[in-house]
Structure formats: structure tokens, C-alpha cells
Amino acid sequence: MESFFLNYQIILLILSSYLLGSIPFGYLIFKLKKKSDIREFGSGNIGATNVNRLLGKKLGILTLILDFSKTFAITLLIFRFYGSDLGSICGLFSIIGHVFPLWLKFKGGKGVASFLGLLFVISWPLSIFFCLVWMIAVKALKYSGAAAIISLVLVILLFKMILHIQFSYNTLLWIPGTQYEFNIITLLSALILLKHYSNIISFFKK
């Protein structure tokens, strides 16, 4: 009976994470402001970049913060009370909710801001590295999609390298992150890169 309730509780936590992650803040902000569907304008995406392009920097930043916070909050909460493994899984499902929201017929954002919310809980140094790489890449390339792709790839490589150094040389132990969390981050990176497929194609055509 205890096992049943434990499994039932886990399912509820995962479902709650998905539903929270699937709140389409960019869509809602645009709807309130323009009374229209943001997916019919700009890039057709519900994320912060398209909101910024269509409504300006302030609402773009607000969308970014909200998309970051919904995954950050649920992941941090479950990390604290249930441990990092379940916390990572719930963070994963929060991002899946953002990318495939029930409310928008499973057509959502690309997940970068929500991904950063999970990464910040798992390893704050890696999240800072991600942000620095993204800012440098945006400034150099003037293309946020390409910057996100570069940041994702470099974070995965750095995460793997840090885990190797920690295991082989027993150093850099102050940097948080486990192999299990690396697997979750790698899986999510693959999903987000697939969502950026059109950006990748257009970038290499330039």
C-alpha cells in the first residue's frame, strides 16, 4: 500500500510539473495585449524572443522570466523535498509541457528559458556559463537561435568534461551535477535542438 501511494504521488508530481510548464505565458501576454494569437505573427513562436520582437523588450523580458521561473520553481521545490533525481524528472516534464502544451494543441515554445530554469537548479555555474556564451554569441552573430544552439552544445560538452574530471581527479567537486542529471540535460538539449531545426537550416544557408 505504501508503494502504491508513493507511485501515485510521483505520478501527480510529474503531471503537475507538466501542467505548470505548459502555461503559455508568451501566448497569454500577447493575447492580453493585442487580442490576437502570437503564433500568427513574427516567427510564430510563443517564446520570449518573438514577444520581444512584437511587443518590445519589457514584455519580452517578462516572458523570459516567467518561462524560466515556472520550471525553476517546480524543480527547486521537488529537489528540496524529494531529491535531485525526481526533481530532474519533474523539471524535464515541465519543459516538455512548455514545448508541447496541452492548451495549444501541443504546439509550444522552443524551451530555452525553461531549460535554463532547470539547469540553474542542477548546476548554477553551468547556467552562468550558458548565459555568458549566449550573450557573446548573440552579440557576435546577431541571431538568438544560433546563440541558443551554441550554448546548448557547449554546456553539454563542459558538463561531461567536469564529470570526467571529478571522477578521475577528484577535483572541481564544488561544481554541482551528477551523471543522472547530465543524462536529463542531454535529452532535453536534443529535444530543444530538434525544435531549433529550422534555425539551424537557415543559419547554415546564410
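In what follows, residues are counted from 1 in the order of the sequence shown.
Tyr82 has its side chain out of reach of Ile10: every pair of non-hydrogen atoms, C-beta onward, lies at least 4.5 Å apart. At least one side-chain heavy atom of Leu163 sits under 4.5 Å from a side-chain heavy atom of Gln179. In this structure, Ile185 and Leu119 have side chains that are in contact, with non-hydrogen atoms separated by less than 4.5 Å. With a 4.5 Å cut-off on side-chain heavy atoms, Lys31 and Ser36 do not count as touching. Between Leu154 and Phe129, some side-chain heavy-atom pair lies under the 4.5 Å cut-off. A heavy-atom distance below 4.5 Å is not found between the side chains of Ser22 and Phe100.
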Does the side-chain contact (heavy atoms from CB on, under 4.5 Å) test come out yes or no for Leu55 and Lys34, once each step is laid out?
-> CA-CA 9 Å; Leu55 297 180; Lys34 296 292 187 179; 3.6 Å; yes
Step by step, work out the side-chain contact (heavy atoms from CB on, under 4.5 Å) result for Cys90 and Phe79.
-> CA-CA 9 Å; Cys90 288; Phe79 255 65; over 6 Å; no
Full working for side-chain contact (heavy atoms from CB on, under 4.5 Å) between Arg39 and Ile46 | CA-CA 6 Å; Arg39 294 171 297 174; Ile46 67 169; 3.8 Å; yes
Any chance you could lay out the side-chain contact (heavy atoms from CB on, under 4.5 Å) test for Leu116 and Cys131, step after step, and finish with the verdict?
-> CA-CA 9 Å; Leu116 189 58; Cys131 292; 3.7 Å; yes
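The closest donor-acceptor contact from the side chain of Tyr18 to the backbone of Ile95 lies at 3.5 Å or more, if one exists at all. A donor-acceptor distance shorter than 3.5 angstrom exists from the side chain of Lys142 to the backbone of Lys139, with no hydrogens or angles considered. Between the side chain of Ser168 and the backbone N or O of His164, at least one donor-acceptor pair lies under 3.5 Å. Remark: the backbone N or O of Leu66 is not paired with any side-chain donor or acceptor of Ser69 at under 3.5 angstrom. Formation of a donor-acceptor pair under 3.5 Å by the Ser114 side chain with backbone atoms of Asp67 is found in this model.
Note on ring orientation: taking the six-membered ring where Trp is involved, the planes of Phe120 and Phe72 are perpendicular (angle over 60°, cut-offs 30° and 60°). Relative ring orientation between Phe30 and Phe41 is described as tilted, the plane-to-plane angle lying within the 30° to 60° band.
Taken from CD1 in Ile78 to CD1 in Ile89, the straight-line distance is 10.5 Å, to the nearest 0.5 Å. Interatomic distance, Tyr143 OH to Thr49 OG1, rounded to the nearest 0.5 Å: 10.5 Å. Ser88 contributes atom OG, which lies 6.0 Å from atom CD1 of Ile184 (distance to the nearest 0.5 angstrom). Between atom CD1 of residue Ile14 and atom CG of residue Leu92 there is a gap of 9.0 Å, rounded to the nearest 0.5 Å. To the nearest 0.5 angstrom, Leu15 atom CG is 11.5 Å from Leu20 atom CG. A distance of 4.5 Å separates CG of Leu152 from OG of Ser189, quoted to the nearest 0.5 Å.
When all heavy atoms of Thr71 and Leu118 are compared, the pair lying nearest together is CG2-N, 3.7 Å. For Pro125 against Ile175, the heavy-atom pair with the smallest separation is CG-CG2, 4.2 Å. Val155 and Leu126 make their closest contact through CG2-O, 4.0 Å (heavy atoms, listed as atom of the first residue, atom of the second, distance). Of all heavy-atom pairs between Ala137 and Ile150, the closest is CB-CD1, 4.3 Å. Closest non-hydrogen pair, Ser43 versus Asn50, comes out as N-OD1, 3.1 Å. Closest non-hydrogen pair, Pro24 versus Leu104, comes out as CB-CD1, 3.6 Å.
Legend: residues meeting side chain to side chain contact (heavy atoms under 4.5 Å, CB included) with Leu64, ordered by chain and number and at least two apart, are Ala48, Ala113.
Under the 4.5 Å side-chain heavy-atom criterion for ILVMFWY residues, no single connected hydrophobic cluster contains both Phe167 and Met161. One hydrophobic cluster, built from ILVMFWY side chains closer than 4.5 Å, holds both Tyr169 and Leu172. Residues Leu32 and Leu62 do not share a hydrophobic cluster, clusters being chains of Ile/Leu/Val/Met/Phe/Trp/Tyr side chains in contact below 4.5 Å. Connection of Ile65 to Phe130 is not established within any shared hydrophobic cluster, with ILVMFWY side chains joined at heavy-atom distances below 4.5 Å, either directly or through further cluster members. Hydrophobic clustering (side-chain heavy atoms under 4.5 Å, transitive across Ile, Leu, Val, Met, Phe, Trp, Tyr) groups Leu157 together with Phe182.
A donor atom on one side chain and an acceptor atom on the other are not found under 3.5 Å apart for Asn170 and Gln166. Of the N and O atoms on the side chains of Lys70 and His98, at least one donor lies less than 3.5 Å from an acceptor on the other residue.
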